[in-house]
Amino acid sequence: MSVRVRRVYEAPEPDDGVRVLVDRLWPRGLAKDAARIDEWPKGLTPSTELRRWYHAGEGSYEEFAHRYEAELAAPEAAELLDHVRELARKGQVTLLTSAKEPEHSHAAVLVRLLG
């Protein structure tokens with residue numbers, strides 16, 4: 001199983017495999033055709049409330065990760081997570097995010113859960 005995270009603003013690479021946007025909002029200033037997104041499962045992304053809470057600086061990354069994992073246990077999100085896990089079993093999957101620090105974002109939580 002091979003899953004990695006890249007910033008969506010980086011140019012696509014031939015070895016990206018299936019490119020999955022894991023942000024709820026479309027990245028600012030990025031043309032849809034330039035992004036080469038294969039899938040955009042919005043139900044797999046943090047809720048608007050959780051995203052706003054975290055970006056407001058009201059909690060730690062660890063608390064954010066814990067709350068996000070709880071959201072991912074909901075049926076729709078769990079099904080989407082299983083779908084991405086199945087894609088990764090078949091080949092390379094690249095999770096794309098606009099987060100400036102992907103290692104401290106929801107994408108890192110997803111990689112850990114998919115691994």
Side-chain angles (χ1 to χ4, degrees):
M1 187 175 320
S2 185
V3 179
R4 69 177 180 174
V5 176
R6 296 186 64 220
R7 291 201 69 223
V8 70
Y9 298 109
E10 297 173 8
E13 293 181 355
D15 63 345
D16 280 346
V18 179
R19 293 171 53 88
V20 181
L21 180 62
V22 293
D23 290 348
R24 185 167 297 265
L25 304 174
W26 187 262
R28 290 183 184 177
L30 185 64
K32 290 191 178 186
D33 59 335
R36 289 200 16 231
I37 302 298
D38 296 310
E39 298 200 16
W40 187 14
K42 293 179 189 178
L44 190 61
T45 65
S47 67
T48 300
E49 296 79 22
L50 180 57
R51 185 175 46 81
R52 287 180 179 162
W53 173 83
Y54 182 53
H55 291 296
E58 296 180 20
S60 67
Y61 174 73
E62 290 74 23
E63 179 64 20
F64 166 78
H66 177 73
R67 291 182 182 194
Y68 181 41
E69 285 183 43
E71 288 186 355
L72 290 171
E76 179 190 1
E79 186 176 316
L80 290 169
L81 190 62
D82 285 343
H83 172 69
V84 175
R85 190 175 286 117
E86 186 59 32
L87 290 173
R89 283 189 188 111
K90 295 176 182 176
Q92 177 69 42
V93 171
T94 300
L95 303 180
L96 301 168
T97 181
S98 61
K100 292 179 183 175
E101 295 181 28
E103 64 278 2
H104 293 106
S105 75
H106 63 290
V109 174
L110 289 172
V111 167
R112 182 169 44 78
L113 293 176
L114 291 166

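Throughout, residue positions are numbered sequentially from 1 according to the sequence presented.
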*Asks:* Inspect the surroundings of CD in Glu79 and state if more than 12 heavy atoms from other residues, nucleotides or ligands are less than 6.0 Å away.
*Replies:* no

*Asks:* Kindly check if the number of other-residue, nucleotide or ligand heavy atoms within 6.0 Å of CD (Glu63) is above 12?
*Replies:* yes

*Asks:* Please examine the side chains of Thr45 and Leu25, heavy atoms only from C-beta on, and report whether any two atoms are closer than 4.5 Å.
*Replies:* no

*Asks:* Got a donor-acceptor contact below 3.5 angstrom from the Trp40 side chain to the Asp23 backbone?
*Replies:* yes

*Asks:* Spell out, as yes or no, whether a donor-acceptor pair under 3.5 Å connects the side chain of Tyr61 to the backbone of Ser105.
*Replies:* yes

*Asks:* Are Leu87 and Leu96 connected in the hydrophobic side-chain network, where two residues link if heavy atoms are under 4.5 Å apart?
*Replies:* no

*Asks:* Indicate the atoms forming the closest heavy-atom contact of Ala107 with Leu95, along with that distance.
*Replies:* O-CD1, 4.2 Å

*Asks:* With the side chain counted from C-beta on, respond yes when Asp38 and Val20 share a heavy-atom pair under 4.5 Å apart, and no when they do not.
*Replies:* no

*Asks:* Between Arg67 and Glu49, does any NZ, NE, NH1 or NH2 come within less than 4.0 Å of an OD or OE carboxylate oxygen?
*Replies:* no

*Asks:* If hydrophobic clusters are built from ILVMFWY residues whose side chains come within less than 4.5 Å, do Val18 and Leu114 share one?
*Replies:* yes

*Asks:* To the nearest 0.5 Å, what is the distance between CZ on Arg52 and CD on Glu58?
*Replies:* 12.0 Å

*Asks:* With a 4.5 Å limit on heavy-atom distance, are the side chains of His106 and Val22 in contact?
*Replies:* yes

*Asks:* Check whether Val109 and Val3 end up in the same hydrophobic cluster, where Ile, Leu, Val, Met, Phe, Trp and Tyr are linked by side-chain heavy atoms less than 4.5 Å apart.
*Replies:* yes

*Asks:* Out of curiosity, does Val8 fall in the hydrophobic cluster containing Leu44 (side-chain heavy atoms, cut-off under 4.5 Å, transitive links)?
*Replies:* no

*Asks:* Just by modelled atom types, is the Pro102 backbone N or O under 3.5 Å from a matching donor or acceptor in the Arg7 side chain?
*Replies:* no

*Asks:* Checking His104 now: which residues fulfil side chain to side chain donor-acceptor pair (under 3.5 Å) with it, not counting sequence neighbours?
*Replies:* Glu101

*Asks:* Is there a side-chain contact (heavy atoms from CB on, under 4.5 Å) between Trp26 and Ile37 once you walk through the steps?
*Replies:* CA-CA 11 Å; Trp26 187 262; Ile37 302 298; 3.7 Å; yes

*Asks:* Set out, in order, the CA-CA distance, both residues' side-chain angles and the distance that settles side-chain contact (heavy atoms from CB on, under 4.5 Å) for Leu110 and Leu81, then state yes or no.
*Replies:* CA-CA 8 Å; Leu110 289 172; Leu81 190 62; 3.9 Å; yes

*Asks:* Salt bridge (charged side-chain N to carboxylate O under 4.0 Å, His left out) with Asp16: which residues, sequence neighbours excluded?
*Replies:* Arg4, Arg6, Arg19

